[in-house]
Structure formats: structure tokens, C-alpha cells
Amino acid sequence: TPEAHDSSSNQVYVGNLSYRVREKHLRELFSSIGGIESLKVIKNHDTGRSKGFGFVTFETNAQLKQSLAYNGDDFEGRSLVVRVARPK
């Protein structure tokens, strides 16, 4: 039987973000790939400040694979970490 589609399998972890990076910046960065289902910059619950990482979920696995090419790229003066997100 074919496996049920698991949307988390199309999710990447994006780390080493500048604390100035907002969700709109991540959307702009990955918009060339397209097919962004959702994205989130993780913030400190108490201060509301970015924790320096986030998650982007793509519609297809092909888009996810394309996004991995951004790993190591300079973004806002920092070297991006982009890898397949692990389940919680």
C-alpha cells in the first residue's frame, strides 16, 4: 500500500538566522522555489525575540530538495543551515 502523505516530510529546518530575520524575509528567500505551504520563525515565548531558526514546509518533496541547495549560503551576513526537519 502506498504510504500516506506526511507533510512534515516536506519540511526543512532553517538555522543560524540573524535575530533580525522575520517570516517575510524567509518567504522572500525561498519564494524562487515556490510552493511554500507554511513557514515559521521560532520566537522566545517570553521576549518575543527570534531564536535564530525556523521551519519552511513545501508542497512537494522536489521543492524541499531544491531548498537544501541554500545550505551554507550567506543570508543577512550569516551562513545558513538548511536541512530536512526531523519529526518532533
Side-chain angles (χ1 to χ4, degrees):
T1 58
E3 290 178 318
H5 178 70
D6 177 11
S7 64
S8 67
S9 65
N10 294 330
Q11 188 176 68
V12 291
Y13 163 89
V14 184
N16 201 32
L17 296 173
S18 158
Y19 293 122
R20 296 185 306 273
V21 170
R22 301 288 173 253
E23 290 175 0
K24 68 175 187 172
H25 302 124
L26 266 192
R27 189 171 296 281
E28 288 166 10
L29 175 69
F30 289 107
S31 64
S32 62
I33 295 171
I36 295 172
E37 219 168 73
S38 66
L39 58 79
K40 186 150 188 66
V41 171
I42 305 304
K43 296 184 176 89
N44 179 299
H45 184 60
D46 298 323
T47 65
R49 187 173 131 161
S50 166
K51 287 188 171 186
F53 69 95
F55 296 94
V56 181
T57 305
F58 293 95
E59 291 171 3
T60 69
N61 194 256
Q63 290 160 335
L64 171 141
K65 287 190 171 91
Q66 211 178 332
S67 75
L68 297 176
Y70 286 89
N71 188 48
D73 283 7
D74 180 81
F75 184 60
E76 301 280 325
R78 315 235 353 210
S79 180
L80 279 180
V81 174
V82 181
R83 62 177 182 244
V84 176
R86 292 189 300 265
K88 287 183 182 173

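What you are looking at is a predicted structure, and each value in this text was computed from that prediction instead of being measured.
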J.: So how far is it from Leu39 CG to Gln11 CD, rounded to the nearest 0.5 Å?
T.: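 Output value for this atom pair is 10.0 Å.
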J.: Phe53 and Leu68: same hydrophobic cluster, using ILVMFWY side-chain contacts below 4.5 Å?
T.: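 Per the 4.5 Å side-chain linkage, Phe53 and Leu68 are not co-clustered.
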J.: Can you tell if the side chain of Tyr70 reaches within under 4.5 Å of the side chain of Val12, non-hydrogen atoms only?
T.: no
J.: Would you kindly confirm whether Phe58 and Val84 end up in one hydrophobic cluster when ILVMFWY residues are joined by side chain heavy atoms under 4.5 Å apart?
T.: yes
J.: CZ of Phe75 to CG of Leu26: how many Å apart, nearest 0.5 Å?
T.: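 Nearest 0.5 Å value for the CZ-CG distance: 6.0 Å.
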J.: Is there a path of hydrophobic side-chain contacts, each under 4.5 Å between heavy atoms of I, L, V, M, F, W or Y residues, that connects Ile36 with Leu64?
T.: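 Same cluster: Ile36 reaches Leu64 through Ile, Leu, Val, Met, Phe, Trp or Tyr contacts under 4.5 Å.
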J.: Tyr19 and Gly52: which non-hydrogen atoms are nearest, and at how many Å?
T.: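 Of all heavy-atom pairs spanning Tyr19 and Gly52, the closest is CE2-N, 3.9 Å.
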J.: Name the residue from Glu23, Arg49, Lys51 that meets the side chain to side chain contact (heavy atoms under 4.5 Å, CB included) definition with Lys43.
T.: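 So, applying the side chain to side chain contact (heavy atoms under 4.5 Å, CB included) to Lys43 and each of Glu23, Arg49, Lys51, only Glu23 qualifies.
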J.: Can you tell if the side chain of Leu80 reaches within under 4.5 Å of the side chain of Asp74, non-hydrogen atoms only?
T.: no
J.: Side chains of Val21 and Ser50: does their closest heavy-atom pair fall under 4.5 Å?
T.: no
J.: Is the shortest heavy-atom distance from the side chain of Val14 to the side chain of Val81 under 4.5 Å?
T.: no
J.: Closest heavy-atom contact between Glu37 and Glu59?
T.: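 Closest approach of Glu37 to Glu59: OE2-CA, 3.7 Å.
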J.: Quick one: closest heavy-atom pair of Arg22 and Val41, and the distance?
T.: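 Minimum heavy-atom contact is C-CG2, 3.9 Å.
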J.: Got Gln63 and Asn10 here, is their nearest side-chain heavy-atom distance under 4.5 Å?
T.: no
J.: Minimum heavy-atom separation for Asp73 to Ala69, with atom names?
T.: OD1-O, 3.9 Å
J.: Mark yes or no for whether Asn16, through its side chain, and Ser79, through its backbone, hold a donor-acceptor pair below 3.5 Å.
T.: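 The answer is yes, because a donor-acceptor pair under 3.5 Å joins these two groups.
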J.: How close do Ser67 and Phe30 get, heavy atom to heavy atom, and via which atoms?
T.: CB-CE2, 3.8 Å
